[in-house]
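Labels below follow one simple rule: chain letters A, B, ... track the order of the sequence lines, proteins then strands, and each chain is numbered from 1.
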There are 2 protein chains.
Amino acid sequence: MPGETTRRRGAALEADLLDAAWAELEAVGYARLTMEGVAARARTGKQVLYRRWSNRAELVIAAMRQRTGSIADRVPDTGSLRGDVLEVLRAGAGRQRQIGPDTLHGLLAEARDVDPSFFGIMRGVLRTAVERAAERGEIPTADLPRRVLTLPADLLRHEILLSREPVTEDTLEEIVDDVFLPLVHR
Amino acid sequence: MPGETTRRRGAALEADLLDAAWAELEAVGYARLTMEGVAARARTGKQVLYRRWSNRAELVIAAMRQRTGSIADRVPDTGSLRGDVLEVLRAGAGRQRQIGPDTLHGLLAEARDVDPSFFGIMRGVLRTAVERAAERGEIPTADLPRRVLTLPADLLRHEILLSREPVTEDTLEEIVDDVFLPLVHR
DNA sequence: GCCGTAAGAGACGCAACGTCTCCTAAGGAG
DNA sequence: CTCCTTAGGAGACGTTGCGTCTCTTACGGC
């Protein structure tokens, strides 16, 4: 096999490393993911990993970024606030299904600086959805208390962190219909 | 020194072990707490720990239980729903201050079965508070959607898990005044 | 075609794990 | 009071993964 002496470099190698990290994550889970395991899977040495990321958490976060591009920036537009918010939550729940609660718990415990943009992304999207609903006259005002605006995202996150089971569609609807919409309609 | 040959046993020893675990937790934090460290602090061997708890998480949970008795069962009665709920949240926030987010994150990541009673305690207390408010005629009905009832506790928990800073009184008031009470009043 | 950079490979010392073994104090049974 | 079972105290042991380090060698820009 000719690939035998081929030595990967730069971006190509980095992509392979992140792929290997992701594969290892799926294979053994975050708790038992080791730098040596990832290195072995990528058929390289640990040093190559440490040259780029200084610990498990950083490596895994990088791998996740590569895999699950940014959710944000794509504001849904279903015509109703309810539909928009549900859509945002579905996107968040979907991302959770990809990542899994164990990884989230692990990162929370190990990452010194969980980049807020990692958990706080949904806020801007929700603000836009609410503003558009107000413009349509669907709700009285877009001027909500900060905590109300982040409420759907916060509750979803809470659910993800504590449930260990994938979040169901029913749960998302409860969040929207029992909590968020009643607060906004007035 | 005569204490030198005294060998502790049973419950007395167990209490010493849990004290040592708690002290170690305060001294080095959950991330760097080790079984060997706890054993050394308790002036005994690891085996004595492993005979009782099969890992860090179990040991620490036991230590916490001994230290911070049960919050529940003591339903505040301030005369107003607002006061009662705030009081419950303050108790929860206080417990957090004792324990610290790092320990919580660690347990979440390591404990296979985070006993729901550990995180879900506040629910029953809130139910009682709401029922009494309804009896007083302060609110129209005590028949709230499940998710609304657990809302204050859920939001506090979310805050605790993601903020890393102690939860402030302001935050508690936001939860109650901007989110919970508006939902209940109607 | 030369040469600096970084990949590939693995040895190293260290810290904790969880298991084990050995000895001996404690304290109940008779 | 003595015997005997139980469990505490102490530490050795093999293992795993960490993070660092060293060495050789391929790559690819100049």
Covered region of DNA chain D, 5' end to 3' end, by chain B [heavy atoms, under 4.0 Å]: dT6(D) to dA10(D)
Whether the Glu58(B) and Ser54(B) side chains hold a donor-acceptor pair (N or O, under 3.5 Å, no angle test) is what I'd like checked. yes
Nearest heavy-atom contact between Ala129(A) and Leu81(A) is O-CD1, 3.9 Å
Leu181(A) and Asp177(A): which non-hydrogen atoms are nearest, and at how many Å? CD1-OD1, 3.7 Å
Roughly how many Å is it from CZ in Arg7(A) to C1' in dA7(C), rounded to a whole number? 4 Å
Per nearest nucleotide of DNA chain C, the residue lying toward the 5' end, Arg56(B) or Arg8(B), is Arg56(B)
Who are the salt bridge (charged side-chain N to carboxylate O under 4.0 Å, His left out) partners of Asp154(A), not counting sequence neighbours? Arg157(A)
Sequence neighbours excluded, every pair satisfying salt bridge (charged side-chain N to carboxylate O under 4.0 Å, His left out) that has a member inside residues 96-107 of chain A: Asp102(A)-Arg164(A), Asp102(A)-Arg112(B)
Between C1' on dC17(C) and CE on Met35(B), what's the gap in Å once rounded to a whole number? 10 Å
Can you sort out which residues in residues 36-52 of chain A have a heavy atom within less than 4.0 Å of DNA chain D? Ascending by number, please. Glu36(A), Lys46(A), Gln47(A), Tyr50(A)
Tell me whether the count of non-hydrogen atoms from other residues, nucleotides or ligands lying under 6.0 Å of CZ in Arg127(B) goes above 12. no
Near DNA chain D, counting only heavy atoms under 4.0 Å, which residues of residues 24-34 of chain B show up? none
Pairwise side-chain contact, Arg90(B) with Glu169(B), heavy-atom cut-off 4.5 Å (strictly under): yes
Please walk me through it: do Glu135(A) and Arg132(A) pass salt bridge (Lys or Arg N to Asp or Glu O under 4.0 Å)? CA-CA 5 Å; Glu135(A) 279 165 25; Arg132(A) 288 203 301 227; over 6 Å; no
Between Tyr30(A) and Glu110(A), do the side chains contain an N or O donor and an N or O acceptor separated by less than 3.5 Å? yes
Residues passing the salt bridge (charged side-chain N to carboxylate O under 4.0 Å, His left out) test with Arg146(A), sequence neighbours excluded, are Glu174(B)
Rounded to the Å, how far apart are Arg9(B) CZ and dA26(C) C1'? 4 Å
